[in-house]
> 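Structure in structure tokens, see below.
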Amino acid sequence: MALVAPSLLAADFLKLQSECELINNSSADWLHLDVMDGMFVPNISFGPMVIDFVRQVVQKPCDVHLMIEQPGRYAQEFKNAGADHLTIHIEACPMLHQDISAIKALGMKAGVAVNPHTPVGLLSDILHEIDIVNLMSVNPGFGGQKFIPYTLEKIKQLKKMIVERGLNVLIEIDGGVTVENAKSIIDAGADVLIAGSTVFKAADPVLTIETLKAI
Ligand code: DX5
Ligand code: ZN
């Protein structure tokens, strides 16, 4: 059974409070929050101010995914806003070890995200320092895209690295996760399913979360 983290990006922002309450009243494990700066990715979403509001309602751990340049500059702000996990992109961080250390020193779980073209082997020398790897299964920037099938190979490679070294690192899969492809993703070795459109655009989001959790 995988953990399920619905992505707020696909929620109705006119009803943010009730969307957050929906998450509280579901079997979702975490809430995933996508922060985009219009520079690292070609889209702008929301920042710490919105997360601070969301945090007043949401009772589940907040898994914050920073798709921004120089994310280390903002670690303290996202901590103050209530982030429990802070994930930064390997492609955005020439001083990745330093940024990860800062996130952990602030008391958050530290995650590293990798874009679809980035080999998981590049994580080798940071893997023992982190709690989460976010394997992007679409090019980051937008919800509602199609799952890139090669991600399944990357999950298997990464899982092997984690198991061989006896590490305690969770693999989360982000982008294009559906009720149909979730089994193959879990079978490949994923621990956390992030699902935006599949959950929030469903007729019954709570039931859809249940369905993903039961796979
Ligand atoms: C994409 C984001 C994802 C996105 C997933 O850049 O990182 O978290 O919200 O959305 P779906 O599940 O709709 O592909
Ligand atoms: Zn994300």
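In each ligand, atom 1 is the first atom listed, and ligand 1 is the first ligand listed. Residues: numbered from 1 along the sequence shown. Every heavy atom of this structure was used, including side-chain atoms; hydrogens, water molecules and symmetry mates were not.
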> Counting heavy atoms only, name the option from Asn134, Val138, Asn115, Asp174 that's nearest to atom 7 (O) of ligand 1.
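The nearest heavy atom belongs to Asp174.
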> Which atoms of ligand 1 have any heavy atom of Gly143 under 4.0 Å away?
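The list of qualifying atoms is 10 (O), 13 (O).
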> As an exercise, identify every atom of ligand 1 less than 4.0 angstrom from a heavy atom of Phe142.
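In order of numbering, the contacting atoms are 1 (C), 6 (O).
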> Suppose I only count heavy atoms of Ser7 and a 4.0 Å limit; which atoms of ligand 1 are within that range?
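Result: 8 (O), 9 (O).
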> May I ask you to check whether Thr118 and Asn115 show a side-chain donor-acceptor distance below 3.5 Å?
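Judged by distance alone, the side chains do not pair up.
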> Any heavy atom of Ala10 closer to ligand 1 than 4.0 angstrom?
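No heavy atom of Ala10 comes that close to ligand 1.
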> Does the pair Asp131/Lys104 count as a salt bridge with the N-to-O cut at 4.0 Å?
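Salt bridge: no.
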> Does Thr198 have a heavy atom less than 4.0 Å from any atom of ligand 1?
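Under 4.0 Å: no for Thr198.
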> What atoms of ligand 1 come closer than 4.0 angstrom to any heavy atom of Gly175?
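With Gly175 as reference, the close atoms of ligand 1 come out as 14 (O).
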> Any N/O of Leu9 closer than 3.5 Å to an N/O of ligand 1?
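Min N/O separation from ligand 1 is not below 3.5 Å for Leu9.
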> Determine the minimum heavy-atom distance between Val169 and Ile130, stating which atoms define it.
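Smallest interatomic distance, heavy atoms only, reads CG2-O, 3.5 Å.
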> Which pair of heavy atoms, one from Leu127 and one from Met161, lies closest together, and at what distance?
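Result for this residue pair: CD2-CE, 3.9 Å.
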> Does a side chain donor of either His32 or Asp34 reach within less than 3.5 Å of an acceptor in the other side chain?
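There is such a pair between these side chains.
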> Check Lys15 with Glu19, please: is the shortest side-chain N to carboxylate O separation under 4.0 Å?
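Salt bridge between Glu19 and Lys15, a charged N being under 4.0 Å from a carboxylate O: no.
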> Between Arg55 and Asp84 (salt bridge meaning N to carboxylate O under 4.0 Å), is one present in this structure?
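Result for this pair is yes, salt bridge flagged.
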> Measure across Leu16 and Leu8 and return the closest heavy-atom pair with its distance rounded to 0.1 Å.
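The pair with the smallest heavy-atom distance is CD1-CD2, 3.9 Å.
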> Is Lys201 near ligand 1, meaning one of its heavy atoms is under 4.0 Å from it?
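Checking ligand 1 against Lys201, which is what was asked, there is no heavy-atom contact under 4.0 Å.
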> Below 4.0 angstrom from a heavy atom of Met136, which ligand 1 atoms are there? Numbered from 1 as shown, please.
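The atoms of ligand 1 under 4.0 Å from a heavy atom of Met136 are 7 (O).
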> Before signing off on this row, confirm whether Ala195 and ligand 1 have an N or O atom pair separated by under 3.5 Å.
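Such a contact does not occur with ligand 1.
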> Purely on distance, is any nitrogen or oxygen of Met67 under 3.5 Å from one on ligand 1?
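For ligand 1, there is no N or O atom that lies under 3.5 Å from one belonging to Met67.
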> So Glu21 and Val57, do their side chains get closer than 4.5 Å, heavy atoms only?
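Heavy-atom side-chain distance check passes, below 4.5 Å.
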> Is a salt bridge present between Lys213 and Glu210, judged by a nitrogen-to-oxygen distance below 4.0 Å?
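Looking at Lys213 and Glu210, the cut-off is not met.
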> Do the side chains of Val138 and Val41 join up, straight or via other hydrophobic residues, at under 4.5 Å, putting them in one cluster?
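Different clusters: Val138 never reaches Val41 through Ile, Leu, Val, Met, Phe, Trp or Tyr contacts under 4.5 Å.
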> What is the nearest protein non-hydrogen atom to atom 13 (O) of ligand 1, stated with its residue, atom name and distance?
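Its nearest protein heavy-atom neighbour is Ser197 OG, 2.4 Å.
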> Closer than 2.8 Å to the Zn ion (ligand 2), how many protein N/O/S atoms do you count?
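For the Zn ion (ligand 2), protein nitrogen, oxygen or sulfur atoms under 2.8 Å: 4.
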> Name each donor-acceptor pair under 3.5 Å that joins a side chain in residues 139-149 to protein atoms two or more places apart or in another chain, with its distance.
| unit_1 | atom_1 | unit_2 | atom_2 | d |
| --- | --- | --- | --- | --- |
| Gln145 | NE2 | Asn139 | O | 2.8 |
| Gln145 | NE2 | Phe142 | O | 2.9 |

> Considering only heavy atoms of Met36, which atoms of ligand 1 have at least one such atom less than 4.0 Å away?
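So the answer, numbered in order with elements, is 6 (O).
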> Ligand 1 and Gly196, any nitrogen or oxygen pair closer than 3.5 angstrom?
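By distance alone, the answer is yes.
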> Show me which atoms of ligand 1 lie under 4.0 Å from any heavy atom of Asp34.
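Matching atoms, with element in brackets: 2 (C), 3 (C), 4 (C), 7 (O), 8 (O), 9 (O).
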> Ring-plane angle category for Trp30 and His85, please: parallel below 30°, perpendicular beyond 60°, tilted otherwise.
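Geometry flag for His85 against Trp30: perpendicular rings.
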> Show the nearest heavy-atom pair for residues Leu193 and Ala182, with the distance to one decimal.
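Closest approach of Leu193 to Ala182: CD1-CB, 3.9 Å.
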> Quick one: nearest non-hydrogen protein atom to atom 14 (O) of ligand 1, plus distance?
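Going by distance alone, atom 14 (O) of ligand 1 is nearest to Gly176 N, 2.8 Å.
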